[in-house]
Amino acid sequence: MAATPRFRNDADAASDPDISEPAQSDRTHPVDETLPPLKMFTSGLQHVAAMYAGVVAPPMVVGPAVGLTPKETAFLVAASLFTAGIATLLQTLGFWRVGARLPFVNGVSFAGVTPMVAIGKDRGHEGIAVIFGAIIVASLLGFVLAPYFCKLVRFFPPVVTGTVITLIGVSLLPVAFNWSQGGNATADDYGSTTNIIMAAVTLVIVLALRKLLRGFFQQIAILLGLIAGTLIAIPVGITDFGAIKDADVVGFPTPFHFGAPQFEIAAIVSMCIVMLVCMTESTADMLALGKIVDRPADERTIEGGLRADTLGSAVSPLFNGFMCSAFAQNIGLVAMTKVRSRFVVAVGGGILIVLGLVPVAASVIALVPLPVLGGAGIVLFGSVAASGIQTLATAALEKGENALIVAAAVGIGLIPIAAPDFYHAFPKDLLVVLDSGISTGCVVAIVLNLAFNHLGRKPDDEADAETVSEELANAAPVSVH
């Protein structure tokens, strides 16, 4: 039987004396490849375009809620772009044992929006300072817990990861549907035929470009589709040029712009819960991305990724940014384009930093109307769900209670999507977890997998169960670190 090709990890080759010369001459893994400059830039820009709305949405919600002026809210947006770029570089390039070193985009987590609004509502600069203090404490705690939290990877066999990956894609689709309608439910044109038709046109363009183009241009079909959709939207009248007119040419997110961080126990507890949610979702995202790029995430990869998440989140408040975590929508972009280089995403991180320093440049990407972004998002997020289904196909659903695990986890994970007010009577702190279908579905899948496939298993099944539980942890061709 032919041997499985071994890809060289550049970081390992440089630091591990035990790697022999012949091994170093092996072909570089696609994750560690550097591409031609133009392709690096355009592919990185495509990642920025895919996640831009997700980065700017939280500060646009939190700013007005705590009582900031429009100009101060715009400052928060630029700061969020800047800190998202820093967090992405920590994740993709990394240092020491920080960073998953996968094509992983980090940005502002939407999981913290509700508690942040509750913490800082109508308190202005003081509210922002309390939010930042809570984020710093929660992030440092997460950094310390990362080596222990990552050991959960052995409880993520295909029946769990496939379920969670599917839920990630399905949970993101409502975001694309909301964008397709216009993004703002209070706007007069929300859900108008014009918005929905523009989303449909963009979707058709992306699908047509993927079918008709070849090579590099096929890989940037999403970016080309967004450009084409935006150009079509100009005569339609849904492209807003106001962002460019009002934007400053240069701006820097001055450290502690809103004052020194303040520390309140209730706020810290609330953000610690959010941090655990973000770490759970990031673990699932790393497992999903690892399978997509053919470098399954092992324990040390997840440890490094969680450290990058938490360190990036701890640094963000210094520059007026919020908690950072993995962006699942970019996993769909990697799955669709097949561009697996982490250096492409690092270029995207550099672009985010530039956008944060040059608000007028950030406003150019803001020209893309949300309906156009929504049309492309349907393909992106659907690709994530398809990857989950593909993983479930390898989960031996015909054996034991695996099908029951998937059924229960998916059913419970879909509650926040199908019935958003289902948990309205529960305490607000619990809603941080319960309103995330990804988190609840992940917890249910892990618990049921433990109950059915680990606890009380027969001696004859021990070897098979051990193989299943360790499959992902041992599947990586080379250690990332």
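If you're wondering where the values come from, they're calculated on a predicted model, not measured in any experiment.
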With sequence neighbours left out, what residues match [X] under side chain to side chain contact (heavy atoms under 4.5 Å, CB included)?
X	value
Ser180	Ala199, Ile378
Leu231	Ile227, Ile234
Val201	Ile197, Ile205, Ile232
Val347	Met40, Ile351

Within-4.5 Å side-chain heavy-atom neighbours: [X] and [Y]:
X	Y	value
Thr83	Val315	no
Thr163	Thr166	no
Gln46	Val339	no
Pro103	Leu289	yes
Thr194	Ser192	yes
Val372	Met198	yes
Leu370	Ile238	no
Val48	Leu81	no

Set of ring pair (Phe, Tyr, Trp, His ring centres under 6.0 Å) partners for Phe82, sequence neighbours left out
Phe252, Phe319
Quick one: list whatever passes ring pair (Phe, Tyr, Trp, His ring centres under 6.0 Å) with Phe143, sequence neighbours left out.
none
Nearest 0.5 Å, please: how far is [atom2] in [Y] from [atom1] in [X]?
X	Y	atom1	atom2	answer
Asn195	Trp179	CG	CH2	14.5 Å
Ile135	Cys272	CD1	SG	11.0 Å
Thr34	Arg342	OG1	CZ	10.5 Å
Leu306	Met279	CG	CE	4.5 Å
Ile86	Leu352	CD1	CG	10.5 Å
Leu207	Leu212	CG	CG	10.5 Å

Donor-acceptor pair, distance only, cut-off 3.5 Å: does the side chain of [X] make one with the backbone of [Y]?
X	Y	value
Asn106	Thr88	no
Thr92	Phe343	no
Arg340	Val293	yes
His47	Ala346	no
Gln91	Ala100	yes
Ser80	Val55	no

Does the distance from a Lys or Arg side-chain N to an Asp or Glu carboxylate O, for Arg295 and Asp32, drop under 4.0 Å?
yes
Enumerate the residue pairs fulfilling salt bridge (Lys or Arg N to Asp or Glu O under 4.0 Å) with a member in residues 188-200, sequence neighbours excluded, ordered by first and then second residue.
none
Test side-chain contact (heavy atoms from CB on, under 4.5 Å) applied to Met271 and Met275, step by step:
CA-CA 6 Å; Met271 294 313 295; Met275 175 54 70; over 6 Å; no
If I compare all heavy atoms of [X] with all of [Y], which pair ends up nearest, and what's the gap?
X	Y	result
Pro317	Ser313	CD-O, 2.8 Å
Leu209	Gly225	CD1-N, 3.8 Å
Arg101	Trp96	NH2-O, 3.3 Å
Leu414	Val170	CD2-CG1, 3.4 Å
Met323	Ser139	CE-OG, 4.5 Å
Asp285	Ala326	OD2-CB, 3.6 Å

Residue pair Phe132, Phe322: steps toward the ring pair (Phe, Tyr, Trp, His ring centres under 6.0 Å) verdict
CA-CA 7 Å; Phe132 287 163; Phe322 297 127; 5.7 Å; yes
Aromatic rings Phe258 and Phe75: how do their planes relate, parallel, tilted or perpendicular, breaks at 30° and 60°?
perpendicular
All side-chain hydrogen bond (donor to acceptor under 3.5 Å, both in side chains) counterparts of [X], not counting sequence neighbours:
X	answer
Thr193	none
Ser282	Asp309
His257	none

What pairs of donor and acceptor atoms, side-chain ones from residues 417-424 against any protein atom, are under 3.5 angstrom apart with sequence neighbours left out?
residue : atom : partner : partner atom : Å
His424  : ND1  : Asp421  : O            : 2.9

For side-chain contact (heavy atoms from CB on, under 4.5 Å), just list the numbers for Tyr190 and Asn178, CA-CA rounded to whole Å, side-chain angles, deciding distance to a tenth of an Å, and then say yes or no.
CA-CA 9 Å; Tyr190 184 76; Asn178 181 52; 2.7 Å; yes
